[in-house]
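Ligands are counted one by one from 1 in listed order, and the atoms in each one are counted from 1 as well. The residues of the chain are indexed from 1 along the displayed sequence.
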Amino acid sequence: MNINPRRTPLIAGNWKMNLDHLQAIAFVQKLAWNLKDSRHDVAAVEVAVFPPFTDLRSVQTLISADKLPLAFGAQDVSAHDSGAYTGEISGAFLAQLECQYVIIGHSERRTLHNESDEQVASKVTAALKHNLVPVICVGESTEDLAVHGPSAVPVAQLRAALAGVTNAVDIVVAYEPVWAIGSGQAATPEQAEQVAAALRGVLSDTLGQDVADKTRILYGGSVKSSNIAAFMREPNVDGALVGGASLDIPEFSSIIRYQKHVGL
Ligand code: PEP
């Protein structure tokens with residue numbers, strides 16, 4: 001079930017602040033074995049993991065040495081290239097580690113670290129400068145939903161995030177309603193589709209129809225093996241950003257293999 005042949009589905013695991021570099025090595029090895037044993041078709045569904053910064057070198061070395069069919073990325077990036085920015089990590093450093101992706105504007109960064117739309121936009125520009133694919137996270141809180149309705153806030157956040165992006169680019173957008181992250185209460189597939197369609201409209205307005213057609217829009221928020229297939233049936237949902245369930249190998253592997261679920 002690949003709804004749009006122009007877009008390879010992406011299942012991305014956001015580890016948040018879990019698993020140190022030794023645990024990361026064991027985890028990635030086991031995940032790769034699990035996918036191999038279950039004959040996962042890597043061309044049909046791309047898999048990416050997003051470990052903490054301190055794990056990236058170990059994950060890079062393992063994936064490269066064993067030629068594992070997994071992509072990886074970081075959970076954040078600095079808007080700056082280098083200099084007096086204590087505690088920050090440059091896109092140049094991530095590119096040196098062969099990261100393909102970087103998550104930008106996750107709701108935990110926006111709320112716990114007060115990241116503004118402007119900072120998110122600067123980080124998107126920095127990621128693209130270093131040939132990293134930004135996974136731009138947008139999503140409304142429960143209050144936003146009540147006051148502004150379903151798509152207004154995610155649409156405004158995406159417009160703001162793309163402020164510095166001018167030409168055709170490789171980006172991923174993740175619609176993650178704040179109320180669904182880690183709550184066990186996922187959006188309905190219809191809700192996800194409604195917002196994803198609105199976000200594709202923003203991509204078309206700002207970057208053109210061609211970019212809009214090829215950009216993957218993920219849904220994130222309490223995704224599990226029991227609900228992933230319903231999201232993936234929606235025409236504008238091209239994958240998932242998975243938090244908690246991405247730390248459980250059988251569960252994450254089952255999410256990745258959603259095409260094999262009974263009834264599809
Ligand atoms: C996330 O961390 O981006 C996320 C969606 O978390 P969870 O899947 O646990 O809701």
Side-chain angles (χ1 to χ4, degrees), residues 9-19 23-24 27 31 45-53 55-56 59 71-77 99-113 115 120 123-124 127 132-142 144-145 150 153-154 157-158 161 171-189 191-193 195-196 199 216-232 234 236-258 261:
L10 172 63
I11 302 292
N14 174 15
W15 295 3
K16 310 194 188 203
M17 197 170 72
N18 293 292
L19 307 182
Q23 293 168 319
F27 183 97
L31 177 63
V45 178
E46 185 184 356
V47 181
V49 293
F50 291 80
F53 285 126
D55 299 5
L56 287 172
V59 169
F72 64 97
Q75 297 174 17
D76 189 24
V77 65
C99 287
Q100 296 101 311
Y101 295 102
V102 60
I103 294 174
I104 297 178
H106 191 279
S107 83
E108 286 151 20
R109 303 281 329 162
R110 292 180 190 262
T111 53
L112 302 175
H113 301 271
E115 263 184 33
V120 169
K123 290 181 175 193
V124 169
L132 300 163
V133 176
V135 179
I136 304 171
C137 297
V138 296
E140 80 291 351
S141 65
T142 312
D144 293 332
L145 189 61
V153 167
Q157 287 176 336
L158 183 58
I171 59 175
V172 173
V173 177
Y175 166 53
E176 298 209 301
V178 180
W179 46 269
I181 297 177
S183 66
Q185 191 208 333
T188 65
Q191 283 172 314
E193 170 60 19
V195 179
L199 295 173
R216 286 163 309 170
I217 300 181
L218 315 183
Y219 166 75
S222 298
V223 168
K224 312 182 270 236
S225 59
S226 56
N227 61 21
I228 180 69
F231 287 111
M232 296 306 292
E234 299 295 341
N236 282 291
V237 177
D238 308 305
L241 182 54
V242 186
S246 77
L247 296 166
D248 176 329
I249 290 174
E251 177 67 3
F252 190 48
S253 171
S254 182
I255 292 170
I256 292 163
R257 290 179 291 109
Y258 69 89
H261 291 188

Original post:
Which of the numbered atoms in ligand 1 are below 4.0 angstrom from a heavy atom of Gly244?
Top reply: 7 (P), 8 (O), 9 (O)

**OP:** Over all heavy atoms of both residues, which pair between Val237 and Ala196 is shortest? Give the atoms and the distance, please.
**Re:** CG2-CB, 4.3 Å

Original post:
Between Gly182, Gly243, Ala12, which one has a non-hydrogen atom sitting closest to atom 8 (O) of ligand 1?
Top reply: Gly243

**OP:** Can you sort out which atoms of ligand 1 are near Gly221, meaning under 4.0 Å from one of its heavy atoms?
**Re:** 5 (C), 10 (O)

Original post:
Is the backbone of Ala12 close enough, under 3.5 Å, to the side chain of Tyr101 for a donor and an acceptor to pair up by distance?
Top reply: no

Subject >> For Lys224, all residues meeting salt bridge (Lys or Arg N to Asp or Glu O under 4.0 Å), sequence neighbours excluded >> reply: none

Original post:
Heavy-atom contacts under 4.0 Å between Ala180 and ligand 1: side chain, backbone, both, or neither?
Top reply: backbone

Subject >> Residue and atom name of the nearest protein heavy atom (relative to atom 5 (C) of ligand 1), distance in Å to one decimal >> reply: Glu176 OE2, 3.0 Å

**OP:** Taking only heavy atoms of Lys16 into account, list the atoms of ligand 1 that are under 4.0 Å away from them.
**Re:** 1 (C), 2 (O), 6 (O)

Original post:
Which protein heavy atom lies closest to atom 1 (C) of ligand 1, and at what distance to 0.1 Å?
Top reply: His106 NE2, 3.3 Å

Original post:
Is the side chain of Arg110 donor-acceptor paired with the backbone N or O of Gly105 at a distance under 3.5 Å, no angle test?
Top reply: yes

Original post:
Under 3.5 Å, is there a donor-acceptor pair between the side chain of Gln100 and the main chain of Val133?
Top reply: no

Subject >> ligand 1 atoms in contact with Ser222 (distance to a heavy atom under 4.0 Å) >> reply: 7 (P), 8 (O), 10 (O)

Original post:
Which of the atoms of ligand 1 are close to Asn14, meaning less than 4.0 Å from one of its heavy atoms?
Top reply: 1 (C), 2 (O), 3 (O)

Original post:
Checking His113 side chain against Glu115 main chain: does a donor-acceptor pair fall under 3.5 Å?
Top reply: no

**OP:** Only counting residues at least two apart or in another chain, list the ones meeting side-chain contact (heavy atoms from CB on, under 4.5 Å) with Ser222.
**Re:** Ser183, Ala186

